[in-house]
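Inspection log for the structure reproduced underneath, given as structure tokens.
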Amino acid sequence: MKNGKRIRYAAIAATLLIGIYWSASSATGGAAGGDYPNAGFLATAQWLKSHMDDASLVIVDVRMDKYFDEKLIPGAIRMPWQQFQYDDLAGNMGGLFVGIVRAQQLLGEHGIARNDTIVLYDSVKRDGGATSSYIFWVLDLLGHKNMKVLERGIDSWIDAGGETVSTPRKAAEVLYQAPSGEINLRKWVKADYIMPRLGDPYYQVLDVRSRAEYMGEKPNTALDGTALKLGHVPTATNSDYTLNWTTPDIKALKPYAVLQERYRGLDPGRAVILYCHSARRGSFGYFVLRLMGFEDVMLYEPSWMEWGNKHYFYPVETAENVLTGDALPGTSSTPTALNRLGKTNRKSGAAAEPGGDRGSKSGYVSCGG
């Protein structure tokens, strides 16, 4: 009799433990060790060491010439990321994407072919992945299948005992041609795409600049150095791109479970449009969301250079929008479209009604040039 009770109690305890384990697994997306859903987009130094002899592997150092220290991962080519941007002097905007045709030309000129596995790297000191991610976005836009960002860049390679060389590999020029049906132009949006969708619950807008820039307390500047309009795109929420790192010095990515909490309320089942000042930081946010399993992710590449330009009449606001959804990305397919964005007044922090009047209490700023 007593043995029967013990067996029943043991069975109940086992059931409870299974339930606790299942809940814990759900909280980390059900992935072993809380791995990122698209972990294949991230390379470690150990992974790179074990794949150095792969015939299709192309290692790309994307650092700008002025930040290049003449230390390269063996076999790497040099392809500074800013080759993929240009300045629009007439529009007073800097750092604009060179476009689909020129991007493919640049890839081919550097010996990169359509079927290559591309590992992109920069450095911790300057970039922390935020320039490798720009080329990642270009490749994603072109529908390239195999590309990775080396976490912590060349620093991780050196820390893992990897040797360095001073001379880049000279690759023969090839033809890089993305089939038109595989180019996803939806990943590259401009203001005229965003404007009519600001009230559409399917679209979530994410500003990855600092909080001071987002709130209109710190100005961004145009190409000529003049101040752009203060504030952010209406309805946009804010998540400073530096908060994706474990520390500002080490710049390793936070674990998936931690990033889930960071983006709590952001729905992976809906579109996310990211922007910053000139797309560098925005591309890093883009990479992080893609790593986390978000699929319909878009980069507003002209970013605040365009939206905040006083020559244009795009509306801005300075009230803070806060995601109120409780769902963690990757743990639920329940849409959060009905979750309202809370607003706070920029100065007082007091709650304001969503879509409130256009006076100073709501933080709204007119769209005047």
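No option in Val208, Leu206, Val205 other than Val205 meets the side-chain contact (heavy atoms from CB on, under 4.5 Å) test with Tyr275. Under the side-chain contact (heavy atoms from CB on, under 4.5 Å) rule, Ile135 has a single partner from Val62, Val60, Ile112, Asp122, which is Val62.
Side-chain contact between Asp35 and Tyr256 is absent, with no heavy atoms from C-beta onward closer than 4.5 Å. Looking at Val272 and Asp296, their side chains never come closer than 4.5 Å, going by heavy atoms from C-beta outward. The side-chain heavy atoms of Lys251 and Thr242, taken from C-beta on, include no pair separated by under 4.5 Å. With a 4.5 Å cut-off on side-chain heavy atoms, Asn244 and Leu253 count as touching. Side-chain contact between Glu306 and Glu301 is absent, with no heavy-atom pair separated by less than 4.5 Å. By the 4.5 Å heavy-atom criterion applied to side chains, Cys276 and Asp207 are not counted as neighbours. Between Asn220 and Leu230, the closest side-chain pair of non-hydrogen atoms is not below 4.5 Å. Side-chain contact between Phe294 and Val288: absent, with no pair of heavy atoms (C-beta onward) separated by less than 4.5 Å.
Here Asp87 contributes atom CG and Met93 contributes atom CE; the two are 10.5 Å apart, rounded to the nearest 0.5 Å. One distance of note links NZ of Lys145 with CG of Asp116; it measures 15.0 Å at 0.5 Å rounding.
Under the salt bridge (charged side-chain N to carboxylate O under 4.0 Å, His left out) criterion, the residue pairs touching residues 123-142 are Asp140-Lys187, Asp140-Arg290, with sequence neighbours excluded. Residue pairs meeting the salt bridge (charged side-chain N to carboxylate O under 4.0 Å, His left out) criterion with at least one partner in residues 188-199, sequence neighbours excluded, are absent. A salt bridge (charged side-chain N to carboxylate O under 4.0 Å, His left out) check over residues 40-51, counting only residues at least two apart or in different chains, returns nothing.
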Step-by-step side-chain contact (heavy atoms from CB on, under 4.5 Å) determination, Thr221 to Thr226: CA-CA 5 Å; Thr221 57; Thr226 59; over 6 Å; no

Practice prompt. Please lay out, stage by stage, how Ser239 and Arg262 fare under the test side chain to side chain donor-acceptor pair (under 3.5 Å).
Written response: CA-CA 8 Å; Ser239 180; Arg262 167 107 290 267; 2.9 Å; yes

Set out, in order, the CA-CA distance, both residues' side-chain angles and the distance that settles salt bridge (charged side-chain N to carboxylate O under 4.0 Å, His left out) for Glu213 and Arg281, then state yes or no. CA-CA 13 Å; Glu213 292 167 281; Arg281 293 175 286 177; 2.9 Å; yes

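Applying the 6.0 Å contact sphere to CG of Asp224 captures more than 12 heavy atoms from other residues, nucleotides or ligands.
Here the shortest heavy-atom pairing between Ala279 and Ser303 reads N-OG, 3.7 Å. Across every non-hydrogen atom of Ser156 and Ala45, the tightest pair is O-CB, 3.6 Å. Nearest heavy-atom pair, Tyr300 versus Trp307, reported as atom, atom and distance to 0.1 Å: OH-N, 3.4 Å.
Within the cation-pi definition used here (under 6.0 Å to the ring centroid, within 45° of the axis), Arg209 qualifies as a partner of Trp304.
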Which atom pairs, one a donor and one an acceptor, fall under 3.5 Å between side chains of residues 170-179 and the rest of the protein, sequence neighbours left out?
from	atom 1	to	atom 2	distance (Å)
Tyr176	OH	Arg114	NH1	2.8
Tyr176	OH	His144	ND1	2.7

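Residues Trp47, Leu48, Met52, Leu57, Ile59, Leu72, Ile73, Val119, Tyr121, Leu150, Ile154, Trp157, Ile158, Val165 make up the rest of the hydrophobic cluster containing Phe68, defined by ILVMFWY side-chain heavy atoms closer than 4.5 Å, directly or through other members. Members clustered with Leu223: Leu89, by chain and number, using a 4.5 Å side-chain heavy-atom cutoff among hydrophobic residues.
No side-chain donor from either of Tyr286 and Tyr241 sits under 3.5 Å from a side-chain acceptor of the other.
Aromatic ring pairs are classed by plane angle as parallel below 30°, tilted from 30° to 60° and perpendicular above 60°; the pair Trp137 and Trp188 is perpendicular. In this pair, His232 and Tyr214 present their aromatic rings parallel. The plane angle is below 30°, not in the 30 to 60° band.
In terms of hydrophobic clustering, with Ile, Leu, Val, Met, Phe, Trp and Tyr side chains grouped at heavy-atom distances under 4.5 Å, Val258 and Leu42 are assigned to different clusters. Hydrophobic clustering keeps Ile250 apart from Phe287 (ILVMFWY residues linked when any side-chain heavy atoms are closer than 4.5 Å, directly or through intermediates).
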